[in-house]
Each structure stands twice: as structure tokens, then as C-alpha cells.
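Scroll down for the structure; my scribbles are underneath it.
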2 protein chains.
Amino acid sequence: MCDREHAEIDPEVTVPEPPQEPTRVRAPSIRDVARLAGVSHQTVSRVLNQHPSIRPETKQRVLDVMAELQYKPNRAARALVTSRSRTIGILSASSTHYGPASSIAAIEAAARESGYWVSTANIESSDAGSIADGLAHLRAQGIEGLVVIAPQVRVFDTLAELSIDVPYVTLQSTGRDPEHTLSVDQIAGARKATRHLIHRGHRMIYHLAGPQDWIEAEARMRGFLDEMGANDVPTTAPILGDWTAEFGFHAGRELLTVRDFTAIFASNDQMALGVMHAVRDAGLEIPRDVSIVGFDDIPEAAHFWPPLTTVRQDFPEVGRRCVALLLGDLDSSAPEYRGTIEPELIVRDSVGAPAF
Amino acid sequence: MCDREHAEIDPEVTVPEPPQEPTRVRAPSIRDVARLAGVSHQTVSRVLNQHPSIRPETKQRVLDVMAELQYKPNRAARALVTSRSRTIGILSASSTHYGPASSIAAIEAAARESGYWVSTANIESSDAGSIADGLAHLRAQGIEGLVVIAPQVRVFDTLAELSIDVPYVTLQSTGRDPEHTLSVDQIAGARKATRHLIHRGHRMIYHLAGPQDWIEAEARMRGFLDEMGANDVPTTAPILGDWTAEFGFHAGRELLTVRDFTAIFASNDQMALGVMHAVRDAGLEIPRDVSIVGFDDIPEAAHFWPPLTTVRQDFPEVGRRCVALLLGDLDSSAPEYRGTIEPELIVRDSVGAPAF
DNA sequence: TCTCGGCATGTTCACGGTCACACATGCCGG
DNA sequence: CCGGCATGTGTGACCGTGAACATGCCGAGA
């Protein structure tokens with residue numbers, strides 16, 4: 001110390017490299033803390049990990065030094081030695097939609113509360129390559145758990161192929177993998193929607209389904225067909241859409257050229273909106289001429305014209321339970337939440353009695 | 001080494017625990033690969049890092065062993081030694097909305113392509129504590145870059161207070177921090193929307209603004225006021241909303257009790273939707289009685305009744321540029337994308353000439 | 001009084017990579 | 001013929017943390 005001070009003053013001793021910016025100051029480590037607190041690094045580590053047998057005054061001294069140095073534990077080092085990343089991966093499709101986005105937000109919040117980080121990978125298309133890419137990306141990160149909100153059938157195949165080695169939860173019921181599933185009972189929801197239309201007197205009901213390879217879409221379709229069958233109402237083949245309002249609009253227009261129906265059950269609210277658009281464009285009124293039911297209850301649905309009768313899914317709850325489920329595997333505590341969540345029919349103004 | 005081998009063979013020396021399931025097989029490391037390939041661990045590392053001077057056959061041998069062992073590099077170890085996490089953090093508010101969600105998805109895609117991971121933290125309320133929490137959460141993770149999609153004014157204060165030590169980009173123009181900003185020019189967008197109404201003959205125009213503490217909301221409001229001023233149209237005080245359709249509905253209802261306006265410029269499409277709902281509930285027609293312009297161009301806007309005239313923001317592009325900007329700081333390559341993106345007026349059917 | 005056990009703390013090593021440096025080989029020019 | 005340089009590879013240290021084990025001290029029980 002004395003030397004250095006001297007060196008700075010004495011003009012003769014030229015410091016070769018006055019450390020003007022010494023390759024960026026490295027962050028303080030537990031050893032730095034230890035040195036200043038006059039303890040061993042292990043004691044610092046013990047403070048960090050709430051080890052019981054530390055004298056309160058020692059602990060306090062360490063904590064003080066930590067604060068002074070603005071010490072931040074190094075996650076990489078910790079992950080390396082414990083081989084735990086404390087990171088949950090989310091594989092998500094269509095994360096711009098309200099439902100998935102809500103669940104993701106809830107998952108993040110719940111995970112954070114439990115001291116976990118969340119990392120996402122969005123897949124755009126549903127081809128196997130894209131799915132595998134996303135999965136590989138997450139896996140390379142060393143995630144400890146995986147949430148799949150990309151509910152295409154193919155995802156499950158890929159999941160199996162890649163023999164995912166971490167606990168995972170999927171937000172959709174596949175039927176074939178109940179162990180890892182936490183789902184809103186899409187079938188029950190679809191039945192409620194369909195039943196509502198039937199009870200109001202409709203017999204000619206079309207179903208605007210989601211993409212074939214989506215498990216949810218399939219489940220809602222099944223629910224529709226089941227309920228129709230249970231009530232002995234003849235059905236026509238569902239129309240396979242792509243979840244967008246745009247598709248709903250075109251499908252609606254197509255359907256209206258024949259107009260052999262009094263009601264439409266759309267597989268999500270966006271498609272329902274598109275259909276409503278087409279119906280009005282045709283000079284018809286909802287629900288006088290055509291009744292419509294949607295699915296999801298996005299926040300906007302209450303302000304469609306007319307306000308849309310739909311099936312509400314509690315997306316945040318799904319996200320929360322999902323994390324609980326995962327953490328149950330990971331930390332073997334936390335309550336058991338496995339099982340399904342019952343969606344709820346929200347009756348608004350888009351359904352009336354059939355016109356004829 | 002000799003000793004150990006001997007011990008395993010000599011029946012007298014009883015191995016206390018025949019490792020039937022040796023506490024879960026640990027993942028293969030570069031040393032395992034090295035041993036099987038008959039090279040040093042350093043050579044394996046060189047293969048991993050595309051070091052130029054390796055004999056092709058050596059490289060191939062290493063690669064073969066890697067494949068055989070299903071070797072996966074350990075991210076934590078690499079991060080520890082290089083002190084690079086290759087992780088970008090996203091601090092986001094209202095991530096369930098279409099705009100932020102789109103940007104997040106684009107950011108994730110762009111980051112992934114560049115070999116970065118993305119981790120998100122959502123903040124619900126805009127209180128300083130919540131913001132600081134989210135930021136701390138990300139920081140504890142050792143993020144290398146930060147994207148802020150939580151455009152409340154307070155976030156910037158917190159950002160400054162916590163003296164964030166990583167490069168960051170905010171998706172909104174603050175005016176005061178152009179260095180770190182990449183933004184859609186909200187003011188220009190709002191002016192376009194307002195000008196459109198004025199050109200169609202409207203003189204009594206209300207503005208339904210977003211929450212006061214949102215920078216975007218403020219900018220759109222400023223754009224509205226600027227354009228009104230530039231055209232010498234007298235203005236009334238904007239109404240401060242919360243982005244929701246629900247609020248738009250109530251505000252619209254309130255406004256219609258007086259009905260001293262011919263047009264409304266809503267600060268986003270959801271609020272516009274709510275207003276439309278209120279207008280129709282009052283027995284009026286759009287655009288005959290009231291003209292409405294929104295902002296964002298969410299995919300549903302084209303199917304509102306009537307299809308909504310609005311201002312389109314290219315969210316994905318924002319996300320992409322954002323990553324480019326960040327990676328420019330990080331990797332000092334990649335083109336410079338700093339600057340603003342001009343939003344675009346999408347004219348549909350919700351604006352007409354004023355009724356009187 | 002001696003031993004034993006628990007507390008508070010220190011020492012050493014391991015985790016799985018990368019980096020700096022050393023070393024062997026072969027080619028080329030003086 | 002020898003030194004220097006490029007190429008290909010190995011050795012050992014190091015990153016920051018936590019676990020196993022060691023140590024010193026103190027009080028309780030034999």
C-alpha cells in the first residue's frame with residue numbers, strides 16, 4: 001500500500017500502465033466479502049444460505065460488508081456447483097394471444113415468487129423442426145422444468161422423441177399423458193357453450209373449430225360433437241380455422257351464402273368476432289338472425305357488438321397451478337394441484353332464440 | 001491410479017457401496033469426451049469453440065464421441081469462466097396486450113437467432129417497488145442486456161436509481177434518454193390520426209388518453225394536442241384512461257351524456273372498442289354520428305364494427321431492431337438501427353364526415 | 001478431571017468450462 | 001545445418017460457489 005502511494009507520487013518510478021480502466025472491475029465475490037469481514041469465504045457462503053450456526057454478530061458483520069460492497073451472488077457459479085439452474089422454460093406458440101400471454105405472465109410471477117427464473121422460447125410454425133429448435137434452445141440453457149403452452153399434437157411427439165429429461169407440464173389435456181397435464185377442461189367448456197345454444201332452441205349449429213393439430217381445438221370440437229350427440233341434434237362437419245378473426249370473417253361469409261344455420265359456436269373469441277363481422281356485412285343482426293358463442297373470454301369480448309357470450313378460462317390460475325405442479329416435482333413441497341379447471345360460461349348478448 | 005484399479009479387483013477389499021445407482025449419472029463433461037476421444041480436454045474445448053487449428057480427423061473424432069455421449073455443454077460453467085450469461089432480460093408491463101406480446105416474441109426470436117436467451121419479468125403495478133423487484137430479479141440473473149417494455153415514467157427513474165450496469169434499450173421515446181431509445185414515433189402517429197379526423201371536417205374531437213404515467217400515452221396525447229394546435233382547432237382536456245375496453249366504454253357513456261363532439265381519438269384500440277360499444281348503446285351509429293380512431297392496429301381491429309381506422313405499429317420490427325441495438329453494444333457488430341420507426345395510418349370505416 | 005458432542009468457523013476440493021502458456025513437430029530461409 | 005515460425009496439442013490455473021471434512025472451543029455428564 002505504501003509502495004503504491006509512493007509510486008504515484010515519485011516521478012522517477014514510472015508505473016507502466018496506470019490502471020485507468022483496469023479491464024473493468026470484477027464484481028466482488030464471497031472472498032472479497034470474506035476478507036473485509038475478517039472471516040473465511042465459507043462463512044460468507046453460510047450467511048448466504050441461512051446456515052443456522054453462525055454467531056449473530058458474525059452474520060451481521062458479513063451482511064454489512066455485503067451491503068457496502070454491493071455484493072451480488074453469482075448465479076452461474078452457484079448453478080455450476082449445485083447443478084441447479086433455478087430456471088423454468090416455457091415453450092410457447094402464439095404467445096401474442098391473450099390466453100397464452102396471460103398464462104405466461106402468471107407463470108413468471110409464480111416462479112419468481114418461488115425464486116425461479118423463467119425463460120421463453122416461442123415457436124412460430126408447428127413443424128417439427130421449429131419445435132425441436134425451441135426445445136433444444138431451452139434445454140441448452142439447463143432448465144429445470146418445462147411448461148408447454150404450445151399445444152400442438154406434434155409437440156408431444158417431439159417431447160417424447162427428444163426424451164426430455166426434466167419435469168414438464170403441458171397446459172392442455174392430451175388424454176394420453178395425464179401425469180404431466182394440467183388443463184382447463186376444454187371439452188366441458190365446449191359442451192356448456194353448445195348446450196346453451198341448444199337450450200335456447202337452436203338445432204342448426206355450425207362449429208368453427210381451431211387448427212386440427214391443436215389439442216385444444218380438438219377437445220373443443222369433441223365437446224361440441226358430444227353435446228350435440230347427447231341432445232340428438234344432427235351436426236354438420238366442423239370448419240377448421242386458424243384462430244384468427246380474419247379466418248372467422250371469411251368462413252362466416254362463406255357460410256352465409258347458404259345460410260342453413262341459426263347459430264355458430266366459434267372455437268375462440270377472435271374467430272367469433274370475424275364471424276360477427278361477416279354476419280353484419282350480410283345485413284343480418286346478432287342475435288336476431290344468427291346467434292354466436294365464442295371461447296376464452298378475452299377482455300374485449302364484453303365490448304364486441306353485441307357483447308359476446310363465451311366460455312371463460314382462468315388463464316392466470318392455470319399459470320399459477322402449473323408452477324406449483326412443477327415445483328412440486330422440483331422441491332417436493334407445495335400442494336398438489338394436478339387436475340383440471342372447469343371453465344365457465346359467460347352469458348352476454350350474442351345468443352337469442354332462433355329466428356325460425 | 002494403480003491402487004484404485006487394484007482395489008476394484010481384489011476381493012478382499014470390500015467396496016462398501018457397489019454403485020448400483022451412483023446418485024444419478026452426472027452429465028458428461030468435456031473431460032469425459034476427451035478421455036474417450038483420446039485427446040486432452042482442451043482439444044475438446046477447441047472443437048466446441050471452432051478453433052481453427054485442429055486436425056480435421058481429430059475434430060471428427062471428438063464430434064463423434066460428443067454425439068455418442070450426447071454431450072451438452074454446461075452453460076453455467078461457461079458463463080462462470082467467461083462471465084457472459086448470453087441472456088437478455090425483458091422488463092415488461094401489460095405483457096398480455098397484443099403490442100408488448102408481439103415485441104417480446106420478436107425479441108425472443110431475434111435473440112435466439114443470435115445465440116442469446118431471453119428471460120422475462122412482468123410487473124403488474126407501476127409502483128416503484130414492483131419495478132425495482134422485477135429489475136432486481138433480472139439483475140440477479142446476470143443479464144447482459146435489458147429491454148424495457150414497461151414504459152412508465154417511473155421505470156426510468158428506477159433504472160437510474162439502481163444504476164443499471166448493463167446496456168439497455170427502452171421501447172419508448174422518453175425524450176430525455178435518446179441514447180438508449182428505440183421507438184415508434186408515437187407523436188407522429190397520433191398526429192396522423194388527429195390530422196385524419198381534422199381533414200374529414202371534424203372540429204370537436206375528444207382524446208381518450210392512456211394512463212398518465214405511461215410515456216406512450218403522454219406522447220400520443222402530445223401528438224394529438226400538437227396537431228390540433230397546428231390546425232387551430234380548439235381542444236378540450238384529454239380524458240385519462242387505463243387502456244382497457246372497459247374504461248373506454250364508461251368514458252364513452254359519460255361523454256355521450258353531453259355529446260359535444262363529433263369524433264374521438266382513442267389512445268389504443270381497446271379503448272376505442274369500448275367507446276364504440278358505448279356509442280351504439282346510446283343508439284348512435286359509427287361513423288354517421290360519431291367518428292372514432294384507435295391506435296395499435298391489433299389484429300381484431302379490422303373486424304370491429306365498423307372496422308376501425310387506427311394507427312399501425314410494427315411491433316415485431318421494433319422487437320427485432322431492439323435486439324440488434326443491444327447486440328450492437330454487446331458484440332460490437334450488427335448494423336446500427338437506432339432511431340424511430342414511423343407508424344402508419346390504417347384507414348378503415350370508423351371515420352366519416354361530421355354529422356353537423 | 002476426562003471425554004464427548006455440538007457449535008462456530010476454517011481448509012480443501014470439486015463443479016465444467018476457458019485461458020495462458022508450454023511443448024512437439026515440420027517447413028522454410030539464411 | 002540451424003533457428004524461427006506456424007500448426008496442432010497438452011498442462012495447469014482459474015472463475016465463484018457450496019459440500020465434505022477438519023478444527024478449536026465450551027459445557028455437560030460420567
Side-chain angles (χ1 to χ4, degrees), chain A residues 22-63 65-66 69-86 115 139-142 144, chain B residues 1 16-17 22-63 65-66 69-87 115 139-142 144:
Chain A
T23 54
R24 188 177 294 185
V25 266
R26 57 166 55 272
S29 76
I30 50 170
R31 285 171 216 266
D32 298 319
V33 175
R35 198 177 321 115
L36 260 81
V39 295
S40 75
H41 80 267
Q42 179 60 5
T43 299
V44 178
S45 172
R46 282 194 258 258
V47 170
L48 281 175
N49 295 288
Q50 334 265 27
H51 189 100
S53 33
I54 293 193
R55 248 189 317 160
E57 61 195 73
T58 310
K59 180 171 177 176
Q60 193 53 53
R61 192 151 27 100
V62 170
L63 289 174
V65 176
M66 279 181 180
L69 254 46
Q70 298 211 52
Y71 167 79
K72 299 265 160 13
N74 181 315
R75 188 172 85 108
R78 189 173 278 177
L80 175 60
V81 72
T82 58
S83 51
R84 302 231 13 205
S85 66
R86 297 195 77 84
R139 196 152 56 153
Q141 196 176 5
E144 283 187 52
Chain B
M1 190 199 281
E17 186 77 346
T23 53
R24 188 179 294 185
V25 267
R26 55 167 55 271
S29 75
I30 49 169
R31 288 167 218 267
D32 297 320
V33 174
R35 198 177 322 115
L36 260 79
V39 296
S40 75
H41 66 101
Q42 177 59 9
T43 299
V44 177
S45 172
R46 281 194 260 258
V47 170
L48 280 176
N49 296 287
Q50 334 265 28
H51 188 99
S53 30
I54 294 192
R55 248 189 316 160
E57 61 195 71
T58 309
K59 181 170 176 176
Q60 192 52 52
R61 192 149 29 100
V62 170
L63 288 174
V65 175
M66 280 182 179
L69 255 47
Q70 299 210 49
Y71 168 78
K72 299 266 161 14
N74 181 314
R75 188 170 87 107
R78 187 174 281 175
L80 175 59
V81 72
T82 58
S83 51
R84 302 225 22 199
S85 66
R86 296 196 78 82
T87 299
R139 199 160 44 160
Q141 197 175 3
E144 283 187 52

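The chains referred to below are lettered A, B, ... by the order of the sequence lines, with proteins before strands, and numbering in each begins at 1.
- Rounded to the nearest 0.5 Å, atoms CG (B:Asn49) and CD (B:Gln42) are 8.5 Å apart.
- Counting to the nearest Å, the C1' atom of D:dT17 and the CG atom of A:Asp32 are 13 Å from each other.
- Summarising the geometry, the separation between CZ on A:Arg86 and P on D:dT17 is reported as 16 Å, rounded to the nearest angstrom.
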Distances under 3.5 Å between protein N/O atoms and the N/O atoms of nucleotides 25-28 of chain C, please, pair by pair.
none

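- The minimum heavy-atom distance between A:Val39 and A:Thr58, with the atom names listed, is CG1-CG2, 3.9 Å.
- In this structure, the salt bridge (Lys or Arg N to Asp or Glu O under 4.0 Å) partners of B:Arg35, at least two apart in sequence or on a different chain, are B:Asp32.
- Applying the salt bridge (Lys or Arg N to Asp or Glu O under 4.0 Å) test to residues at least two apart or on different chains, the pairs with a partner in residues 37-62 of chain A are A:Arg55-A:Glu57.
- The stretch residues 72-82 of chain B comes close to DNA chain D through B:Leu80, B:Val81, each having a heavy atom under 4.0 Å from the strand.
- Note that CG of B:Leu48 and CG of B:Leu63 are 8.5 Å apart. Values are rounded to the nearest 0.5 Å.
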- Test side chain to side chain contact (heavy atoms under 4.5 Å, CB included) applied to B:Tyr71 and B:Leu36, step by step: CA-CA 12 Å; B:Tyr71 168 78; B:Leu36 260 79; over 6 Å; no
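- Between B:Gly142 and B:Ser85 the shortest heavy-atom distance is O-OG, 2.5 Å.
- Listed here is the closest heavy atom pair of A:Pro28 and A:Gln70: CG-O, 4.4 Å.
- When all heavy atoms of A:Leu80 and B:Ala76 are compared, the closest pair comes out as N-CB, 3.7 Å.
- Within residues 35-49 of chain B, the residues having any heavy atom closer than 4.0 Å to DNA chain C are, in order of number, B:His41, B:Gln42, B:Ser45, B:Asn49.
- Residues from residues 50-60 of chain A with heavy atoms under 4.0 angstrom of DNA chain C, sorted by number: A:Ser53, A:Ile54, A:Arg55, A:Thr58.
- Across all their heavy atoms, B:Ile30 and B:His41 have their closest contact at CD1-O, 3.9 Å.
- Interatomic distance, B:Gln60 CD to B:Met66 CE, rounded to the nearest 0.5 Å: 11.0 Å.
- For the pair B:Arg26 CZ and C:dG16 C1', the interatomic distance rounds to 9 Å; values are reported in whole Å.
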